[in-house]
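Have a look at the structure below, then the notes.
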Amino acid sequence: MTSYVPPKRPIPVPDDLTRGFWEAAGRGVLAVQHCDDCNFYTHPPRTLCGGCGSPAVAWKDVSGKGKIYSWAVMRMQSVQGFEQSVPYCTLLVELDEQPKLLLAGYLPGEGEGLSIGAPVEVFFEDIEGSDLKLPNFRLVK
Amino acid sequence: MVWAGKGKTAVVGIGMSKLVRHSEKSLGMLALEACKAAIEDAGLKPSDIDGIVTYPDQPFRGAGSRDGEDLVTAQFMMNNGYLGPDIKWYAQISTGMIASAPIEGINALISGACNYVLFWRAMHMPKGTYNTYRMNTAAGDAQFSATYGLANPYQIHALQYRSYLNKFGYDREMMATLVMNSRRNATLNPNAYFYGQPMTREDYLNSRMIADPLCLFDCDIPVEGCTALVLTRADLAQALKNKPAYISGFGQNTAKQLEYVAYMVADYMKAGQPHANKIWETAGMGPKDIQAAQLYDGFASSTLYWLEAAGFCKEGEALAFVQDGRVALEGELPLNTFGGSLSEGRLHGMGHLAEAVRQVTDRAGERQIAGCENSIAIDGSPLLRGSGMIFSRHADN
């Protein structure tokens with residue numbers, strides 16, 4: 001007889017386009033794809049720059065600092081492995097490097113202390129079942 | 001410039017299956033029923049249909065794709081239907097949204113590719129909870145979203161909605177008025193899922209949160225069913241029994257779009273205005289020419305964005321605009337007169353098209369806007385994708 005094993009959160013599968021993001025996270029740095037031609041940051045990464053269409057894109061370390069662009073309090077399970085985490089907050093973080101350069105994050109709880117525009121900073125979490133590190137964001141105290 | 005095809009085509013038949021949560025019948029059977037009803041309503045025989053077009057989308061990411069069960073393709077209709085062997089033109093559309101399919105149909109009619117186009121949208125509703133990301137891995141862009149517990153459209157819409165409420169200083173409780181208005185209209189629509197089920201302000205305020213600030217009643221009601229329309233050229237329409245709903249204008253969203261989470265980067269005015277303007281320009285019309293607006297409400301917040309992007313009110317004004325009976329059947333801009341996806345049921349904009357047809361042909365029963373000359377139907381969200389059309393009582397409106 002087997003007992004119920006709660007599902008794990010999805011494990012990221014790095015590919016040629018995204019490997020630089022996970023390698024940087026592994027050394028505790030947030031990196032975003034950046035265009036050498038027009039200095040535009042593109043996220044999620046693409047082979048062509050989202051600003052000018054140039055293929056001259058490369059990973060660039062960024063400050064990891066930003067502001068809350070918006071958040072939503074999740075009252076339902078949306079992703080497996082997050083069953084025990086409801087309610088939690090889905091975050092969109094606008095990095096300081098560029099307007100509307102948005103990365104996702106999540107915070108436990110029901111949004112206490114959150115407000116649009118509040119400053120946040122990156123930190124790195126372990127991912128269960130993986131050696132990868134997940135960049136996530138927390139409020140700057 | 002006004003479109004050369006303005007007033008040259010029309011919808012001449014409407015058919016619907018029942019809209020239910022889960023049907024005992026397969027989706028293919030529901031589509032066959034709705035299409036047959038639309039052909040009969042037009043006063044045509046199935047063998048008259050020589051063009052077919054549909055938008056066979058899955059109900060959610062990762063759903064099945066069995067033909068006739070999870071979706072209904074043009075091929076299914078040709079394999080299993082009562083249509084004759086002489087289909088001259090067919091297409092399946094995956095660009096824009098639902099109205100993109102009849103837009104293709106119109107162009108096929110005008111080009112002479114065919115004479116009578118059957119268009120349908122069939123929507124499956126799987127049993128059980130389906131809105132959960134159930135994979136052990138996150139590949140592609142999901143590396144940057146599912147890993148954070150972010151995978152569903154309602155989360156994206158909730159994030160955008162909070163941004164809207166915050167930017168313009170609104171309280172989410174104001175949305176009750178819009179949602180109740182749609183419910184009231186549905187109580188006058190015997191085809192609606194929520195027919196006979198009025199909603200009070202307390203019902204709205206007490207509804208559970210899904211992704212705060214979106215509550216349950218801000219989300220459309222998922223249903224299973226099909227609605228179908230028959231289109232033809234204006235000259236051929238004169239011989240048929242129904243008043244034609246002439247097609248005056250159309251447009252598709254062609255704004256630069258970013259994928260999924262990143263589509264929030266698009267400004268809804270910047271993305272939606274060019275789309276709406278295409279509809280206005282092809283028709284040679286503007287918001288003042290519209291007596292009933294059917295603006296997509298997969299989430300109630302999308303209707304706000306369309307009200308502003310299409311110019312019915314100014315940027316940031318929509319949640320105030322919908323108050324005080326302004327969008328009621330008796331108001332200055334009757335809105336989602338059939339109940340919308342919120343209260344008729346989620347057919348991804350198909351209900352909006354059918355209602356615009358009804359309103360300009362005096363077929364909307366108790367919710368008829370007297371003398372409605374023009375009705376606009378826009379689907380999708382300005383932040384994502386979309387398409388739209390204007391239907392008119394007269395070919396030269």
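Convention: sequence-line order gives letters A, B, ...; per-chain numbering from 1. Hydrogens, waters and symmetry mates play no part in the numbers below; they use all other heavy atoms, side chains included.
- A:Ser78 pairs in a side chain to side chain contact (heavy atoms under 4.5 Å, CB included) with only one of the listed residues (B:Ile210, B:Thr132, B:Asn152), which is B:Asn152.
- Heavy atoms closer than 4.5 Å to chain A are found in the side chain of B:Tyr154, but not in its backbone.
- Residues A:Trp59 and A:Glu23 have side chains that never bring a donor and an acceptor to within less than 3.5 angstrom of each other.
- In summary, the side chains of A:His34 and A:Asn39 do present a donor paired with an acceptor at a separation below 3.5 Å, with no hydrogens or angles considered.
- Ranked by non-hydrogen atom pairs under 4.5 Å with chain B, the options A:Gln80, A:Met74, A:Glu110 are led by A:Gln80.
- Aromatic ring orientation, B:Phe168 versus B:Tyr170: tilted (interplanar angle from 30° to 60°).
- Of residues 123-141 of chain A, those residues lying under 4.5 Å from chain B by any heavy-atom pair are A:Leu134, A:Pro135, A:Asn136.
- B:Gln143 and A:Thr18 form a side-chain donor-acceptor contact under 3.5 Å, judged by distance and modelled atom types alone.
- Contact of B:Met209 with chain A is made through backbone and side chain together, with heavy-atom distances under 4.5 Å.
- Ranked by heavy-atom pairs shorter than 4.5 Å toward chain B, the options A:Glu94, A:Gln77, A:Arg9 are led by A:Gln77.
- Contacts with chain A were tallied for B:Gly149, B:Pro213, B:Ala211; B:Gly149 has the most, counting heavy-atom pairs under 4.5 Å.
- Between B:Ser387 and B:Asp379, the side chains place a donor N or O and an acceptor N or O closer than 3.5 Å (distance only, hydrogens not considered).
- Aromatic rings of B:Phe144 and A:His43 (six-membered ring for Trp) have centroids within the 6.0 Å cut-off, being under it.
- In this structure, A:Lys65 and A:Val120 have side chains that are not in contact, with every pair of non-hydrogen atoms separated by 4.5 Å or more.
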